[in-house]
K.L.:
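Structure provided below as structure tokens; questions to follow.
Heavy atoms only: backbone and side chains are in, while hydrogens, waters and symmetry mates are out. The first residue of the sequence shown is numbered 1, and numbering continues consecutively from there.
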Amino acid sequence: MQGFNKGFIYFICLVSAMGGLLFGYDWVVIGGAKPFYELYFGIADSVSDQGLAMTIALIGCMIGACTCGWLADKIGRKRLLIVSALVFLLSSIATGSFSTFSQFLVARFFGGIGIGIASGLSPMYIAEVAPTHIRGKLVSLNQMTIVIGILAAQIVNWQIADPIPAEFTPADIAVSWNGQMAWRWMFWAAAVPSAAFLLLAFFIPESPRWQAMRGVKSQAEQTLARIGGKIYAEQEMQAIAAANASAKEQAGLSTLFSKPFHKVLLLGIVIAVFQQWCGTNVIFNYAQEIFQSAGYSVGDVLFNIVITGVANVLFTLIAIFTVDKLGRRKLMLIGAGGLCLIYAILGFCYYQQMTGFFMIILVVAAIACYAMTLGPCTWVLISELFPNRVRAIAVATCTFALWIGSSSLTYTFPLLNKGLGSYGTFWIYALVCGLGFLFFLGRLPETKGKSLEQLEKELIK
């Protein structure tokens with residue numbers, strides 16, 4: 001990093017990555033609030049209402065992901081980061097404040113829009129400002145903040161909720177602190193980082209690559225000079241100008257789906273969907289069911305969930321320091337192959353009706369494998385595979401596909417678990433991971449150490 005302004009680089013990347021922190025928190029916090037708001041709103045016996053409460057944010061995510069690319073090109077990356085921070089702030093306050101189920105759903109829907117925008121926008125912005133040799137590490141910071149947000153939600157849920165006496169009935173819980181106020185504070189807690197994100201977003205620069213595409217070259221060069229000095233800025237501007245020579249402005253979906261781009265778009269979509277279909281995220285969404293199937297009580301489950309969150313953070317740290325050394329391709333292959341093996345063993349253990357600590361070890365091993373490979377590498381790859389002129393719309397398209405994958409995974413797990421049992425479900429995930437390994441072995445190129453403009457030359461033919 002000699003010659004680079006390390007403090008400035010890490011500041012702007014960490015501020016952008018705060019969108020990932022709020023994404024992770026908002027995504028997981030509802031799991032801890034679920035037993036209490038269901039009693040408060042009287043939907044504990046309504047499967048359809050419970051499903052609506054859990055999926056309404058995912059619908060918002062897909063809408064946010066759809067509009068992210070167009071808005072990022074229209075108003076710029078920085079302004080849209082500010083908008084997403086404002087959406088997070090208002091939705092977190094509203095979700096905990098409303099007292100009717102319909103109002104709660106509206107607030108969760110807008111929170112989902114914020115997640116959808118931030119999930120694609122934060123890694124895209126970081127990729128566009130990061131120096132080539134540490135781009136993987138810096139984009140992985142976004143995944144790091146996501147898992148910190150997940151862990152924060154797990155700890156906040158655990159600490160806010162009062163212990164529930166064994167003799168308490170659902171009616172007792174409904175009128176207790178947990179049923180009346182705890183779930184509200186779980187959502188309100190997100191307002192603090194949301195406000196910090198909103199404030200700090202005003203102090204980061206606009207993406208220099210977006211500025212160059214919009215013809216504001218002097219400002220783009222000024223930002224690049226702050227990042228790496230005058231010579232670095234001149235070299236980057238020359239590379240950007242050469243890449244943009246055949247396309248003076250951002251392109252839309254028609255260009256993205258045209259012949260030169262459709263192969264790399266397919267690759268990006270497969271990577272995004274596979275990150276969800278590999279199955280690891282059901283451990284966060286349905287941790288209670290998974291650990292109870294392994295023989296643990298509700299009280300033990302809450303502590304076990306925090307253990308998974310800690311493992312998620314620790315192994316994401318490993319990814320940050322290996323993604324630019326080992327490379328994206330090798331880590332994706334390790335992740336897909338490793339999860340295939342772990343899920344096969346986990347399914348066998350469920351089939352043999354094994355319980356106890358060994359099951360926790362397998363679950364944590366799956367999370368560790370995912371956290372240091374597929375979790376961060378997916379965001380790195382989809383943020384760097386595409387040319388400047390289609391990057392925003394391409395990342396938005398891949399992120400939309402990712403949320404479709406997330407929705408389908410979340411929806412099908414209870415059905416698979418009921419119809420096939422835990423062992424059959426995890427064997428299916430093992431098969432998916434095996435197929436993903438073969439796909440990446442044959443189709444995934446290595447992108448480490450290459451500038452965004454160099455990747456465009458190699459991948460778009």
Side-chain angles (χ1 to χ4, degrees), residues 23-24 27-28 54-55 57-59 61-62 65 115-116 119-120 123 143 146-147 150 265-287 289-290 308 312 319 328-329 331-347 350 362-363 365-382 385 395-444:
F23 158 24
W27 183 35
V28 170
M54 290 294 287
T55 58
L58 290 175
I59 297 172
C61 284
M62 288 186 278
I115 295 175
S119 59
Q143 178 67 16
I146 290 174
V147 300
I150 290 171
L265 175 63
L266 176 63
L267 177 61
I269 289 174
V270 170
I271 291 169
V273 173
F274 179 74
Q275 192 211 46
Q276 297 299 310
W277 282 5
C278 73
T280 307
N281 283 329
V282 300
I283 295 173
F284 294 109
N285 290 333
Y286 293 99
E289 289 87 342
I290 291 170
T308 64
N312 204 9
R328 291 57 147 161
R329 172 183 161 87
L331 287 175
M332 292 292 284
L333 289 171
I334 291 172
L339 283 177
C340 178
L341 178 62
I342 293 169
Y343 287 152
I345 297 172
L346 189 59
Y350 274 120
L362 286 173
V363 169
I367 290 172
C369 182
Y370 172 85
M372 64 182 181
T373 57
L374 302 176
C377 283
T378 293
W379 296 111
V380 174
L381 284 165
I382 66 174
L385 284 174
V395 171
T397 302
C398 292
T399 305
F400 176 73
L402 183 144
W403 286 113
I404 290 179
S406 178
S407 301
S408 57
L409 179 83
T410 304
Y411 179 77
T412 57
F413 175 77
L415 302 177
L416 292 173
N417 207 32
K418 182 179 180 180
L420 302 176
S422 297
Y423 62 89
T425 303
F426 280 101
W427 281 341
I428 286 178
Y429 294 154
L431 176 61
V432 170
C433 290
L435 294 174
F437 177 87
L438 295 175
F439 179 85
F440 296 143
L441 187 65
R443 297 289 298 274
L444 184 62

K.L.:
Can you name the closest pair of heavy atoms from Ala430 and Cys340 and give their distance?
P.N.:
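Where Ala430 meets Cys340 most closely, the heavy atoms are O-SG, 3.3 Å.
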K.L.:
Might you work through the side chain to side chain contact (heavy atoms under 4.5 Å, CB included) test for Arg329 and Leu333, ending with a clear yes or no?
P.N.:
CA-CA 6 Å; Arg329 172 183 161 87; Leu333 289 171; 4.2 Å; yes
K.L.:
Other residues, nucleotides and ligands only: do more than 12 of their heavy atoms fall within 6.0 Å of CH2 on Trp277?
P.N.:
no
K.L.:
Check the side chains of Tyr343 and Thr280 for a donor-acceptor pair under 3.5 angstrom, ignoring hydrogens and angles.
P.N.:
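Judged by distance alone, the side chains do pair up.
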K.L.:
Which donor-acceptor pairs under 3.5 Å do the side chains of residues 435-442 make with protein atoms, sequence neighbours left out?
P.N.:
none

K.L.:
At what distance, to the nearest 0.5 angstrom, does CD1 of Ile428 lie from CG of Leu416?
P.N.:
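Result: 5.0 Å between the selected atoms.
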K.L.:
Using a 3.5 Å distance criterion without hydrogens, assess whether the side chain of Arg328 forms a donor-acceptor pair with backbone atoms of Cys377.
P.N.:
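Answer holds: no.
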K.L.:
Closest heavy-atom contact between Thr373 and Gly335?
P.N.:
OG1-CA, 3.2 Å
K.L.:
Looking only at non-hydrogen atoms, find the nearest pair between Val395 and Gly120 and report the distance.
P.N.:
CG1-O, 3.5 Å
K.L.:
Return the CD to CG distance between Gln275 and Leu381, rounded to the nearest 0.5 Å.
P.N.:
10.5 Å
K.L.:
Can a donor-acceptor pair be found, under 3.5 Å and without considering hydrogens, that links the side chain of Thr399 to the backbone of Ala65?
P.N.:
no
K.L.:
Which atoms form the tightest heavy-atom contact between Ala319 and Ala371, and what is the distance?
P.N.:
CB-O, 3.8 Å
K.L.:
Using the rule side chain to side chain contact (heavy atoms under 4.5 Å, CB included), only one of Ile404, Leu374, Leu402 pairs with Gln276; which is it?
P.N.:
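Exactly one pass, corresponding to Leu402.
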K.L.:
Is the closest side-chain heavy-atom distance between Trp427 and Leu420 below 4.5 Å?
P.N.:
no
K.L.:
Nearest 0.5 Å please: distance from the CD1 atom of Ile334 over to the SG atom of Cys369.
P.N.:
8.5 Å
K.L.:
Ignoring hydrogens, what is the shortest heavy-atom contact between Pro123 and Trp379? Give both atom names and the distance.
P.N.:
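Reported closest heavy-atom pair: CG-CE3, 3.9 Å.
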K.L.:
How far apart are the C-alpha atoms of Arg443 and Val270, what are their side-chain angles, what is the distance that settles it, and do they pass the side chain to side chain contact (heavy atoms under 4.5 Å, CB included) test?
P.N.:
CA-CA 11 Å; Arg443 297 289 298 274; Val270 170; over 6 Å; no
K.L.:
Tyr370 vs Ile342, test: side chain to side chain contact (heavy atoms under 4.5 Å, CB included). Steps then yes/no.
P.N.:
CA-CA 11 Å; Tyr370 172 85; Ile342 293 169; over 6 Å; no
K.L.:
If you look at every heavy atom in Gly268 and Ile382, which pair is closest and at what distance?
P.N.:
O-CG2, 3.8 Å
K.L.:
Can you tell me how far SG of Cys433 sits from CG of Leu339, rounded to the nearest 0.5 angstrom?
P.N.:
4.5 Å
K.L.:
Quick one: pull up CD1 in Ile115 and CG in Leu58 and give me the separation to the nearest 0.5 Å.
P.N.:
8.0 Å
K.L.:
Does a side-chain heavy-atom distance below 4.5 Å link Cys398 with Ile271?
P.N.:
no
K.L.:
Do Trp403 and Phe23 have ring centroids that are under 6.0 Å from one another?
P.N.:
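For Phe23 and Trp403, the ring centres are under 6.0 Å apart.
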